[in-house]
Amino acid sequence: MSLAAPSGPALADSRELVRRIGAEIDAAGGWIGFDRYMQRALYEPGIGYYTGPNRVFGAEGDFVTAPEMSSLFGRCIAAQCAQWLGEDDEIVEFGAGSGALAAQVLSALRDAGTLPRSYAIVELSATLRERQRGTIAAAGGELLARVRWVDELPERIEGVVLANEVLDAMPVRVFRRAGDKVFERGVTRLGDDALGWAERAADERLASKVLDRLREAGDECAGLPSDEAGAVPENYVSELGEQAEAWVATVGSRLVRGAMLLVDYGFPRREFYHPQRDLGTLRCHFRHRAHDDPFLWPGLQDITAHVDFTGIAQAGADAGLDVLGFASQARFLLDCGLLDACAAIPRDDLRAWTLETQAVQRLLSEAEMGELFKAIALGRGVSDDAIGFRTRDRRASL
Ligand SMILES: C[S@@+](CC[C@H](N)C(=O)[O-])C[C@H]1O[C@@H](n2cnc3c(N)ncnc32)[C@H](O)[C@@H]1O
């Protein structure tokens, strides 16, 4: 597959990032874990994918997220938030992208007369903060007045935590299981200006975690000596989303009362580590093309992995949270009133109406985002009747 090359200045930034990561690899003795590489490729100050000057979201970027497609996505999220928000509560959104979701949620809550006390955004990228400010200001000065940007995780949260497509952007460890052996896949130098895969035996902790999870997922050969490992692929490559789980546990421990609503692509563990998914879920995006080479133009392309929602639910439980619901994005949005919201779109501008209904179709379609994307809610001290999970709660599959 050929991809259009980035511009000269962008390539210079990418070369600088490769130089820096290469220096870290040398200092570490020739190898770093993939999670460390992904951290720097996405978040290196000033030249990482999310922290650099590139426009990553939207039509002229590399991918389009649900709130970029249709404002009705945020309207549905707002309906769920309204059920959970108490009088003096706040919403805390992580990784707010262009600010579209914040603007949609705040607009819908304003229209319903239920604006939260405050809307905090935890954003790692200074460039994105400015873009978010502009998007929210365009939706109304009174909305912008409620928004504050925070660098650190709040100590105490009472209200609702939102994160749309954030878990998939958190660094993952990559492993290969061969019979009873586990190898960690990491990164080494290939000459002066290129990086590539390199493996080493996994440490004991990682190896036993991987084998436990694979067995839990039904891999009957995980842990068997290679010559006895029959049906499942001998070489099974996948990821471990430890950072996403640690993040859920930390944020969950600070949630004094309220709920976390996390929307992302992924599966329950049995599906995530399905024998046929033996090449894992790591994907890269560059200008709306997906491919599987994470070392192409580091810092200029997105790198993501799907979410093991069983791991997320367990991390929440470790922090004392209840799972309030788990559903496909389509079911969640329908239960939050997407069809009513869709029916209310004025038809006087036929072109706008057509575009909006096409976007809704993409959010719901099983072939697009409706089934692959899931919503999970974790909570403390809130009732177990979340509207978004009324009809097709799949908690039992986690
Ligand atoms: C795929 S984008 C999604 C953006 C936005 N939520 C949307 O739906 O359009 C992932 C975002 O997650 C952010 N992110 C990743 N890890 C984060 C963390 N630990 N705290 C806050 N934001 C984080 C990234 O900076 C990036 O803005």
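Both counts, for ligands and for their atoms, begin at 1 and track the order of listing. Only this structure's heavy atoms are used, side chains among them; waters, hydrogens and symmetry mates stay out.
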N/O separation below 3.5 Å, Glu68 to ligand 1: no

For Asp385, is the CG atom crowded, meaning more than 12 foreign heavy atoms sit under 6.0 Å from it? yes

Donor + acceptor pair across side chains of Gln301, His291 (<3.5 Å): yes

Taking the minimum heavy-atom distance to atom 27 (O) of ligand 1, which of Leu128, Val263, Asp168 ranks first? Leu128

Return yes when Glu123 approaches ligand 1 closer than 4.0 angstrom through a heavy atom, no otherwise. yes

Could you tell me which atoms of ligand 1, counted from 1 in the order shown, lie closer than 4.0 angstrom to a heavy atom of Gly97? 4 (C), 5 (C)

Could you work out, for atom 15 (C) of ligand 1, the closest of Tyr50, Trp247, Tyr43 by heavy-atom distance? Tyr43

With respect to atom 21 (C) of ligand 1, which of Leu101, Val122, Thr51 exhibits the smallest heavy-atom separation? Val122

Thr65 heavy atoms, cut-off 4.0 Å: which ligand 1 atoms fall inside? 7 (C), 8 (O), 9 (O)

Of all the heavy-atom pairs spanning Ala313 and Leu378, show the shortest one and how long it is. CA-CD2, 4.3 Å

Is Glu93 reaching over with its side chain to a backbone N or O of Val161, donor-acceptor style, under 3.5 angstrom? no

Please determine, by modelled atom types, if Tyr273 and Asp308 share a side-chain donor-acceptor pair under 3.5 angstrom. no

Does at least one non-hydrogen atom of Pro67 fall below 4.0 angstrom from an atom of ligand 1? yes

